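In what follows, a single structure is set out as structure tokens and then discussed.
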Amino acid sequence: MYDGPVRRPGFLWLLPLVLAACSTRCGETRVEGLAPAGSITLVRAPAEGPETPLPAPAGREGDVGTAHPLLLEAHDPAGRWVILCQPREDTNGDGQVEAHRGMHGATFGDDVDPYLILESGPGQRIDQYVAHAGSHVAVIRDGKLVIVDVEARTETVLPRVDVTDDGDPFEPHRAAVFDAAGKTLGYLAKKGERTIAIVRDLEAGVETEVDPGPGRLWRIDLPGDGSSIAMRVVVADTNGDGILGWPIPETTRSHRRCRTSGSYSVHPGKTDTMATRIVSLATGRMTRVPGIEAALGNRWVVREEAPEKSPAALFLVSAEGIARPFVSAACDGELFYLDHGRKLALVACQNGAVRFGGGLERTRVELHGEDVHLPLGVFVQDPGFYTKKVGTGSVVLLRSVSPEEGRADPPDVLVDMEHHGVLHPFPEGARALSAHDRYALYMSAENKLMLRDRSSGVDSVLRPSERSEHLDQVERFAYSGPEVFDLERGVVGRISLFYAMILTTDGWGLGVPHTSEDKLPERNELWRGPLRWAKPTPEPYYGRFGLW
């Protein structure tokens with residue numbers, strides 16, 4: 001049951017806010033840089049590549065990987081597969097199999113290769129991880145793109161895919177992308193001397209060829225429902241080097257394949273002239289758009305191409321090229337949280353930033369959607385850092401500041417996206433840690449870990465806490481070390497692992513099991529396998545909150 005926001009006298013900015021009226025600015029509009037580019041003929045055909053059955057799943061009872069150093073490259077949120085990078089052969093001839101981390105993220109020692117592991121076992125060596133969504137994961141194996149469906153237990157090798165890597169260390173591999181639901185796959189394919197895009201309906205088994213138009217196709221993107229495709233194309237040799245080059249930044253950072261974290265420098269890449277085109281997969285209409293910021297639902301968030309105007313405005317553009325105002329130029333908005341299901345976004349307005357009490361500069365937060373344009377009355381210092389995305393629940397945690405001067409310890413708040421930006425403050429002096437739909441975790445001013453039930457307004461003390469405590473979160477589960485909190489049911493458990501690397505959407509942990517030593521790796525060392533799966537067990541002193 002929803003009881004409305006928590007209200008505190010004297011802070012009107014925390015009261016429920018009324019939705020802004022949708023005036024004429026919500027209709028269609030002209031955007032500078034947005035232009036029709038004609039229509040193309042979409043070629044549809046049965047999907048290529050036969051499906052090959054996979055063996056039955058190995059389960060979560062055995063070892064994951066082998067007894068060698070490892071890096072966790074990627075994983076399925078549901079825990080059905082992981083990709084580990086490991087050295088498994090003595091490739092440098094020194095008589096041992098070892099690898100260690102370098103300063104800029106590269107590994108040194110023996111060759112480190114990625115392995116796709118379905119639940120458990122040693123796995124299968126691959127060339128590179130590409131992308132995943134839903135039940136599908138795309139990898140490159142033996143120079144070909146392979147799509148693995150872990151629910152249907154099949155894999156499909158796509159024969160025509162252009163697997164050329166652009167080497168961009170900050171972006172995923174360019175060969176393929178999924179829509180958010182994992183029902184549509186877009187990939188690059190060779191057609192004669194050119195590279196085109198192909199959109200594959202994974203359920204219907206139908207593929208659609210999309211010609212990118214003049215130029216050299218670089219990368220593609222799909223919106224949340226796969227109803228259109230965005231293509232970034234190099235169209236002119238602006239820098240005069242004789243080729244249509246991709247804008248890859250220059251950096252000391254290691255290549256993305258089997259990389260550890262590390263410090264690095266970066267310089268913008270020398271680029272030729274780029275054009276971005278979207279194509280409706282229903283009609284074939286092609287539209288040239290300015291820079292795309294993100295996809296939101298079935299639309300694209302586009303920043304107007306107007307260098308002489310500052311700040312720029314954001315617009316929602318449909319696959320048919322119809323634009324609607326999204327964020328005004330007066331805001332100069334930076335997107336920092338997208339709610340695709342509700343088609344809402346939280347935006348930090350860079351224009352009009354303020355300083356309170358001589359502190360750091362803070363930007364105001366607004367909620368925007370197709371028909372929602374709402375200031376929330378809160379300010380954040382750095383939305384990319386001070387905002388915590390809390391899974392797929394209906395709330396977003398903001399570490400905010402009150403607009404009142406001189407407030408030394410402002411409250412953190414939850415933004416309720418289901419109810420269009422209604423704010424729920426935490427108690428005075430609290431530091432919020434995690435939240436989902438119903439439950440939230442925070443540390444009180446008295447340094448106690450608290451569980452808040454938003455539906456009843458009841459706070460429960462769990463244990464003593466420290467101000468430096470940090471929680472990771474996967475949808476409704478939050479975890480720190482061996483502790484796991486189910487924020488849908490208010491249940492707390494413990495995982496029997498020395499170090500948990502990931503937590504899945506069903507509450508299992510994968511990590512380093514306990515040994516006789518139980519020690520953390522040294523500075524340049526890697527964790528050593530094999531890893532193990534573990535399911536949380538209820539904690540006795542939390543038993544009153546229910547069983548796991």
Side-chain angles (χ1 to χ4, degrees), residues 3 6 8 385-400 408-415 424-515 517-520 532-548:
D3 292 329
V6 180
R8 301 175 62 196
F385 180 79
Y386 284 90
T387 304
K388 185 163 187 174
K389 180 180 178 180
V390 287
T392 56
S394 66
V395 293
V396 180
L397 188 156
L398 280 184
R399 299 202 168 100
S400 67
D409 196 7
D412 297 341
V413 299
L414 292 176
V415 181
H424 298 259
F426 285 89
E428 189 84 21
R431 189 171 76 85
L433 297 173
S434 267
H436 196 57
D437 289 344
R438 176 175 175 180
Y439 289 98
L441 288 167
Y442 70 92
M443 183 176 54
S444 70
E446 297 77 28
N447 289 347
K448 295 178 182 178
L449 183 64
M450 308 292 293
L451 179 71
R452 163 165 287 191
D453 185 337
R454 292 200 308 123
S455 63
S456 65
V458 174
D459 291 343
S460 303
V461 179
L462 298 183
R463 59 165 170 76
S465 183
E466 298 178 359
R467 299 303 292 183
S468 60
E469 185 151 356
H470 171 77
L471 295 177
D472 292 309
Q473 186 161 353
V474 177
E475 294 193 5
R476 75 178 203 255
F477 295 103
Y479 65 104
S480 175
E483 282 185 309
V484 179
F485 305 88
D486 184 339
L487 297 180
E488 188 173 276
R489 297 184 295 147
V491 179
V492 184
R494 184 172 290 269
I495 298 180
S496 58
L497 293 170
F498 171 59
Y499 179 78
M501 290 186 171
I502 66 169
L503 198 72
T504 65
T505 52
D506 60 357
W508 283 67
L510 176 67
V512 180
H514 286 284
T515 66
E517 297 182 353
D518 274 2
K519 68 173 185 177
L520 298 172
R532 297 284 297 186
W533 288 104
K535 185 177 182 180
T537 55
E539 280 289 274
Y541 52 96
Y542 297 149
R544 63 193 180 93
F545 293 105
L547 297 176
W548 196 270

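Bear in mind the structure is a predicted one, so any value in this text is a computation, not a measurement.
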| query | Taking C-beta and beyond as the side chain, do L487 and L441 meet within less than 4.5 Å on heavy atoms? | reply | yes
| query | Within a strict 4.5 Å, meaning less than it, do heavy atoms of the L510 and M501 side chains meet? | reply | no
| request: Report the distance from atom CG of L451 to atom CZ of F485, rounding to the nearest 0.5 Å. | output: 8.5 Å
| remark: Minimal heavy-atom distance between R452 and D459, with the atoms involved, is NE-OD1, 2.9 Å
| said: Apply side-chain contact (heavy atoms from CB on, under 4.5 Å) to residues L462 and K448 and explain how you reach the verdict. | reply: CA-CA 7 Å; L462 298 183; K448 295 178 182 178; over 6 Å; no
| request: Mind running side-chain contact (heavy atoms from CB on, under 4.5 Å) on L398 and D412 for me, showing each step along the way? | output: CA-CA 6 Å; L398 280 184; D412 297 341; over 6 Å; no
| said: Using 0.5 Å steps for rounding, measure from the CG atom of D486 to the CZ atom of R476. | reply: 4.0 Å
| query | Which pair of non-hydrogen atoms, one from P427 and one from Y442, has the smallest distance, and what is that distance? | reply | CG-OH, 3.6 Å
| field | Contacts of type salt bridge (charged side-chain N to carboxylate O under 4.0 Å, His left out), residue E446, not counting sequence neighbours | value | none
| request: Kindly indicate, with the supporting measurements, whether the criterion side-chain contact (heavy atoms from CB on, under 4.5 Å) is fulfilled by S434 and L397. | output: CA-CA 7 Å; S434 267; L397 188 156; 5.6 Å; no
| said: Could you work out, with ring-ring contact (aromatic ring centres under 6.0 Å, His included) as the rule, every residue matching Y499, not counting sequence neighbours? | reply: W527
| R438 side chain near D453 side chain, heavy-atom distance below 4.5 Å | yes
| Less than 4.5 Å apart, any side-chain heavy atom of Y479 and any of L471? | no
| query | Between L449 and L433, is any pair of side-chain heavy atoms under 4.5 Å apart? | reply | yes
| Do F426 and L414 have side-chain heavy atoms sitting under 4.5 Å apart? | yes
| Can you name the closest pair of heavy atoms from P536 and I495 and give their distance? | CG-CG1, 3.8 Å
| request: Measure from the side-chain N and O atoms of Q473 to the backbone N and O of E475, and report whether any donor-acceptor pair falls under 3.5 Å. | output: yes
| For G481 and A500, which heavy atoms make the closest approach, and how far apart are they? | O-CB, 4.3 Å
| note | When rounded to the nearest 0.5 Å, the distance separating CG of N447 from CD of E466 is 8.5 Å
| Where do L497 and G511 come nearest, in terms of heavy atoms and distance? | CD1-N, 3.6 Å
| task | Show your reasoning for whether side-chain contact (heavy atoms from CB on, under 4.5 Å) applies to H436 and R489. | result | CA-CA 10 Å; H436 196 57; R489 297 184 295 147; over 6 Å; no
| query | Can you check whether F477 reaches T505 side chain to side chain, under 4.5 Å on heavy atoms? | reply | no
| R431: what forms a salt bridge (charged side-chain N to carboxylate O under 4.0 Å, His left out) with it, not counting sequence neighbours? | none
| request: Answer whether the closest heavy-atom distance between the side chains of M450 and M443 falls below 4.5 Å. | output: no
